[in-house]
Each structure stands twice: as C-alpha cells, then as structure tokens.
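Heads up: the structure comes next, in structure tokens.
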Amino acid sequence: MRNPQLNKHGELQHLLTIDGLPRGILTAILDTAAPFTAVAEREVKKLPLLRGKSIFNLFFENSTRTRTTFEIAAKRLSADVVNLNVSTSSTAKGESLLDTVDNLCAMQADMFVVRHAASGAPFLIAQHLFATGRDDIHVVNAGDGRHAHPTQGLLDMYTIRHFKRDFTNLTVAIVGDVLHSRVARSQISALTTLGVPEVRVIGPKTLLPTDVERLGVRVFHDIREGLRGVDVVMMLRLQNERMNGALLPTPQEFYKVWGLTAEKLALAKPDAIVMHPGPMNRGVEIDSSVADGAQAVILPQVTFGIAVRMAVMSMLAGQQGSK
Amino acid sequence: MDMQSLDAEALCKTLVEQMRPHVSPATALVGIHTGGVWLAERLHRALGLSQPPGSIDVSFYRDDFGSKGLHPQPKRTEIPFTVEGADVIIVDDVLYTGRTTRAAINELFDFGRPARVDLAVLIDRGGRELPIAPRWCALTLPEPLPANQSLQLEAGATGELTLRLIDA
C-alpha cells in the first residue's frame, strides 16, 4: 500500500506522522528549515512562497504555542490564515468533522492544520480528501490524541541537530509521561529514523506504554540510572487532563522521584542539552533552576518551530500534485 | 562561435575592467547562488571593495514555485551590509530569461530600500522574457543559446573558474 503521506512522485502530500517517513524526507525538511530561520532578521519578515494560498487552522483541542507558531509560519510565507475557533463553530451545533472539512473546501482551502483529541482525525480528513478527488489540498497534523505530533518531533530534531550537529553518536533520553504523549511517539520515530544509536525512555511503569520496547528504545524505571551519560534530555509534560484513574501519586511525590533537578541533570554529560515541548509544569516534571539554566534550549525550540513549520508548509504546497 | 573555447578567467578580467571606472569602495556586491557567489567574491577582491559581498538564493522568490515546487536544499541568503541607501550590484554568471534577476531584486528589497541596483554578468546567453538588461556584461552571445543547452560556471579546487556547456 502506498504511504498515504506521499504522492506518486514520492513527495510529501500530507504530514500526518513521522512513522514510516524515509530519512531522506526528514533530512530534507530540516535542511529546508535552516534558511527560514534567517527570515526573522530581515526588514520585511515575509517570503512570497504561499501568496494567495488559504490555510485553515482547525484546532478542536486547546493550544497556544502550536497554533500561534503555525499561524506565524503561514503568515511569514504570505499565506492567508483562518483560525477556526471550534468552541464557537458549527461543530458545537452538531456538524460532523467531514462536513466541516467539505464546507471549508468549498471556501477554497489549500491546507488544513489540524489538532484533534481523537487519534487519527487528520488521517480521516486526508483519506476523505483522497476519496473525493481533492488531492491538491494538504493536511498537517498538529497533534492528534495520543498518536502523533510530527512538527513537534521535527522541531526537536532541528534543535538537536543545531546544538549537536550529528545524530549518529548520540544518546538521547525521553523522560516522563510517555503513555499519554503524542510528542514522545513522534520523537522516538524521528530519532530512530535519523540514526540515533541509543534512545532511552525513562518513566514509572504506569506512565509507559506496555510494549514500548518494541519501538526500539531502552527502558529505565530509575531516572538516575537512565540519565547517566546522555547527550540530550527530552522532558515530557505530565498530562493530567488525559489521565483517568490512579496512575500517579501527588504532583509533589512525582517531582521528588521523576522531576528533573540540577542534581539529577549532573549525571548526564556536562554539555547535555535539556528540552521540553511546553507547556512546562515547573516543580512537577522540571525544576525552575533547570528550566531557566544554561543547558536548557526550551526557548530556541519554540523559535526553530516556526522555521520547521514554514519548511513543512512550503514543501507540501510546492509538490508536483499541487495546482 | 565555439562554446568550448570560452575562457571564464579572461571574461572575468574583462568584467572587472568594465566595472572599475563605475564603482566606489562603498559599492556592495550580491552574488546569486552558486556561480554568482564565486564571481562576486572574485570581483570584490579585484575591485578592492570595502563592503563584504552578500549572497542570495532566490529559491523562496522564484515565480515557478507553483509549478516546480521548492528547490531541494536551498542555501541561506546572507546580506552582511545595510541595504537601506546602499549602491548594490547584483552579480550572476549567466543571464538568461531574467526571472532569476527579478527574484533577486525582489528579495533584496525585503532587506531595505537600496539607493541604486545594477546588474553585472559574465555572459548574456539571450532568451530574455522580462525587461531586464545588465549594465556590465563580459560577453553577449551573438546567437541565443538553444533552450536545451545551459552554460554553467564551475570553480576548481584552487578557485579557478571554468565554463561548461551542458546539453539537457
């Protein structure tokens, strides 16, 4: 079966998940993002690439950073951006997801940026567009349920490459609530595809998926043991809103055992970088002294996120299947 | 004329002599990737200019993005001088349709409003599709080059420039 993300020329048609994308495409996105980072230093912070294109931000779930950086990225590419406030939209009145999509297609949409609490919602939209012969419209997954958040995974890879240059000699640790994290799944796929030899996953048994080893990672249930000698520490947010049932003790107890403090970070390599996808729970998964410390690259992640999203959108809009 | 006998080094010297009476040390050069960047570095040294030369990759400003998409691995555009009020010379190796020049002018203006913009090229191969003409040009081909051929500037290991004719 053809990868639903690629067109018949092997180019990116939709960005739905990092799973199954070849290394060449991931590297091309990172390479394309590099020159976009310099646009912010110009007198006119805009490029004409997506002039006349309409991009719809369809956020069925809350987001500040992701929605804002997608919007900035689209505007820096001169696209027209429409933000759909879903709580006040027809969905609240009972319209189905695909009816909403059909209506926006009738408004000449060129691209959808979709966040949804249900895993697979962006796939459903992409499939629907294919089935109805609208291959010229592109879908970017901005986070679906527990499944994937590919642009976050890519901006994390851009950040690692920026600070560490080469993926093939790194040990990378992903720490915390992997079970509820779409970010972690995208990070693991991206790291293994790009050739990182050792990816570690560190967390309590209740917050790790049962078959996590199958993703090609080493599992640690002791944070001190897991952080020893790593080059990159990728913290995850504790996702209280997705938890039902008693998976956790109190946040204070979680912090005591799993929170990243300066003392625990000292076990990693001295030049290790600390990443976090945001929003941070200070004093829960990360201590303020680490979040604001010299090894943290959390704010550069946000800035690089704009360039990476510009790269993704311009590669989608520029492929041969487009009008 | 015999295309194989084109001497890039000699053409480069011709271009320097054409430009010399018209430039001041404050004149700024911007080369278009990739051949134009090598040429701009050459001209910069030969003309003794004080401003460091800039480089432009027009990938994000091309008018064929809609049909051809993004060029793989675009380079970073670097303009290391203040464009506002500057005398700028855009440098390219081969001038053809003029579309690359137009894209470069558009990109340059996103860095500020230059006082003046000129164009210097090594070779004008004919085939213009836009009202663009170089102010300095070392060689204008007597007959336009057929569309299935292209001329490409290449830089050797020691930096010597050569021109190669490529059949598409």
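Naming convention: chains lettered A, B, ... in sequence-line order (proteins, then strands); numbering from 1 in each chain.
Neither the backbone nor the side chain of A28(A) comes within contact range of chain B; no heavy atoms are under 4.5 Å apart. Contacts between K45(A) and chain B at a heavy-atom distance below 4.5 Å are absent for every atom of the residue.
Using a 4.0 Å cut-off between a side-chain N of Lys or Arg and a carboxylate O of Asp or Glu, E41(B) and R45(B) do not qualify as a salt bridge. Between D7(B) and K13(B) no salt bridge is recorded (no basic side-chain N to carboxylate O distance below 4.0 Å). Salt bridge E129(B)/R102(B): absent, no basic N to carboxylate O contact under 4.0 Å.
Among the residues in residues 51-65 of chain B, those with a non-hydrogen atom closer than 4.5 angstrom to a non-hydrogen atom of chain A are S59(B), F60(B), Y61(B), F65(B).
Per-residue heavy-atom pair counts under 4.5 Å with chain A were compared for Q73(B), H71(B), R76(B), and the maximum is reached by R76(B). Chain B forms more heavy-atom pairs under 4.5 Å with one residue of L50(A), L77(A), V39(A), T32(A) than with any other, namely T32(A).
Atom CG of L15(B) is separated from atom CH2 of W136(B) by 9.0 Å, given to the nearest 0.5 angstrom.
A donor-acceptor contact closer than 3.5 angstrom is absent between the side chains of D87(B) and T27(B).
Looking at heavy atoms from C-beta onward, L194(A) lies in side-chain contact with T27(A) at the 4.5 angstrom threshold. Within the 4.5 Å cutoff, the side chain of T69(A) has no heavy atoms near those of the T151(A) side chain.
Partners of E160(B) according to the salt bridge (Lys or Arg N to Asp or Glu O under 4.0 Å) rule, which considers only residues two or more places apart in sequence or in another chain, do not exist here.
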